[in-house]
There are 2 protein chains.
Amino acid sequence: MESQRQAETGKTIQRQGWKQDPEGVRANILEVALKEFADRGLSGARMDEIAAKTRTSKRMIYYYFGDKDGLYRKVLEQTYREVRTGEKELMLDHLAPKEALRRLTEFTFDHHSKNPDFIRIVMIENIHHGEYLKHSDLIRGLNQEAISRIEAIYDKGLEQGVFRKGCSPLAIHWLISALSFFNVSNKVTFSLLFGDALHDHDGQLDLRSQVSDAVLKFVAEE
Amino acid sequence: MESQRQAETGKTIQRQGWKQDPEGVRANILEVALKEFADRGLSGARMDEIAAKTRTSKRMIYYYFGDKDGLYRKVLEQTYREVRTGEKELMLDHLAPKEALRRLTEFTFDHHSKNPDFIRIVMIENIHHGEYLKHSDLIRGLNQEAISRIEAIYDKGLEQGVFRKGCSPLAIHWLISALSFFNVSNKVTFSLLFGDALHDHDGQLDLRSQVSDAVLKFVAEE
DNA sequence: TGACAATTTAACGAAACAGTACATAACTGG
DNA sequence: CCAGTTATGTACTGTTTCGTTAAATTGTCA
């Protein structure tokens, strides 16, 4: 427990003792806290447990984050930020509208699937009535991008006559989110009640394509 | 605090002191506990708070339910049972397949919307990895009905050539559930991030019809 | 080199919380 | 109407858990 610091200083200087690394310590705490909150919920997570799993001590959590709520707040912001930045890689401009929408849907489906911790934090935030998200200015605005991206695709599809009139980009986004989100958030209970035909490996591949079918059929002309 | 019992005995006999009412007490505890768990989560709910809101005392909760987990377990079962029984009223057999499916979807959408406590309990159960649902035999089986109901509609639609081949009743159920569930479960965060255009009164009416459109278009032939 | 920032350790305090001991009142069957 | 059982209330206990204290140690930078 006290030797790991030695082992980890793979940097240039090898003095005895430890290296100051405030950002690293912060990041490490956030990472551990995210896992712990995601796993147990806000009220369920234990500060001592979080502390024990960091490379540092409980004292430092309070040093950097004040209290449990403060830590959770930062975890929430960090998680939203990471997930949203992960979404930007997508290049859809050069694709035909239908193809772009299918690509976006499948990407979102996979993305949510690969970030269960994010999903669970959002679930937890909903359980807590969005109390913490409410007081975080930072997060709003970042999300309008998602809508604009869809709007661009949708408008192009309208022009080309492949999408029907009367859909709102917001509703399309809602539809994609709902299906991608629910797939992760309710995996456990759904599998328990109805079997895991939709959630084993093949089932997920199939479900993903059905989800984008559903989205495409929803906006398609005729 | 000690006079309320007098005030509440509006029954036939007016003896001094209190009246025994084990079933009433149990039911009252469950009702209060459901609200409290739904509102605060399993770890977030406080036994003292639950006790204070019942017409009885903390002692009785432990007397009837053993411990906090036991109470939660009963709340979970009770909630599932109530919600499922509420779903049986629906008479779809005499309707045309498309109409039946639309009716079922809109019913589910409304039903979830009117039972946010149930939704929240399911969310909580998912947060806790389905630990309690896993150990409840009672609940499984009741839910196969939902699938059969859809299967009946779908098969009829296939015969009549109004539905396409290759859909599974399970997937259709998943689709309806996902949209109806997400609408309630993520109301808070979605509204915060994207505004409440979909969640005010008119928005919900519109969304409901869009949701059933999406479901119908998903299974429709052509 | 000296001041300040980062970090460790270990123990402690106080409040919140789940769960219990004990007494007693109401019912029920004989 | 009495004895045994069920139901209930009050007050309490022991533990968990958040958060703090205090003092020492090491790094950083001007």
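Naming: A, B, ... by sequence-line order, numbering from 1 per chain. Just so you know, these numbers use all the heavy atoms, side chains as well, and skip hydrogens, waters and symmetry mates.
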- Query: On the ring face of B:Y63, is B:R26 found with NZ or CZ under 6.0 Å from the centre and within 45° of the axis?
  - Reply: no
- Does A:F37 have A:R120 sitting over its ring (NZ/CZ under 6.0 Å from centre, angle to axis within 45°)? no
- Query: Any side-chain N or O of A:Y63 less than 4.0 Å from the OP1 or OP2 oxygen of C:dT7?
  - Reply: no
- Residues B:E77 and B:R73 bridged, charged N to O under 4.0 Å: no
- Item | Proximal nucleotide (of D:dT8, C:dA18, D:dC18) relative to the B:Y64 side chain | D:dT8
- Message: For a ring pair (Phe, Tyr, Trp, His ring centres under 6.0 Å) check, start with the C-alpha distance between B:Y80 and B:F118, then their side-chain angles and the critical distance, and finish with the verdict.
- Response: CA-CA 7 Å; B:Y80 260 97; B:F118 168 71; 5.3 Å; yes
- When rounded to whole Å, the CG to C1' distance for the pair B:D48 and D:dT13 reads 13 Å
- Note on the structure: Of the listed D:dT20, D:dT21, D:dT10, the closest approach to the A:Y62 side chain comes from D:dT20
- Note on the structure: Here the distance between atom P of C:dA5 and atom CD of A:E23, to the nearest Å, is 15 Å
- B:N28 has an atom CG; how far is it from atom P of D:dG9, in whole Å? 11 Å
- Task: Round to the nearest Å and state the distance from B:F65 atom CZ to C:dT20 atom P.
- Result: 16 Å
- Whole-Å distance between C:dT9 C1' and A:R55 CZ? 18 Å
- Task: Would you confirm whether A:H112, through its side chain, and A:T108, through its main-chain N or O, come within 3.5 Å as a donor-acceptor pair?
- Result: yes
- Can you check the A:R46 CZ to D:dG19 P distance for me, whole Å? 11 Å
- Please determine if a side-chain N or O atom of A:T56 lies less than 4.0 Å away from the OP1 or OP2 oxygen of C:dT8. yes
- Message: From the set D:dG19, D:dT8, C:dG19, return the single nucleotide nearest to any side-chain atom of B:D67.
- Response: C:dG19
- Item | Parallel, tilted or perpendicular: rings of A:Y72 and A:H128 (30°, 60°) | tilted
- Quick one: A:I50 CD1 to D:dC18 P, roughly how many Å, whole number? 8 Å
- In whole angstrom, give the distance that lies between atom CE of A:M60 and atom C1' of D:dT20. 15 Å
- Message: Let me check the geometry of the helix from C:dT1-D:dA30 to C:dG30-D:dC1. What is the bend angle between the axes at its two ends, five pairs each, to 10°?
- Response: 20°
- Are the side chain of B:K58 and the backbone N or O of B:I50 linked by a donor-acceptor pair below 3.5 Å? no
- Message: Can you pull out the residues from residues 30-38 of chain B that lie within a 4.0 Å heavy-atom distance of DNA chain D?
- Response: none
- Message: Quiz question: by atom type and distance under 3.5 Å, do the side chains of A:Q210 and A:D206 form a donor-acceptor pair?
- Response: yes
- Item | N or O in side chain of B:R59 less than 4.0 angstrom from D:dT10 OP1/OP2 | no
- Steps toward ring pair (Phe, Tyr, Trp, His ring centres under 6.0 Å) verdict (B:F182, A:F182): CA-CA 7 Å; B:F182 182 87; A:F182 183 87; 8.7 Å; no
- Message: Nearest to the A:V25 side chain among C:dG19, D:dT8, C:dT7, which nucleotide is it?
- Response: C:dT7
- Message: Can you say whether a donor on the side chain of B:K58 sits under 3.5 Å from an acceptor on the base of C:dG19, or the other way round?
- Response: yes
- Task: Before accepting this row, confirm whether a basic side-chain N of the pair A:R208/A:D110 lies closer than 4.0 Å to the acidic partner's carboxylate O.
- Result: yes
- Closest to the A:P22 side chain: C:dT7, C:dT9, D:dC18? C:dT7
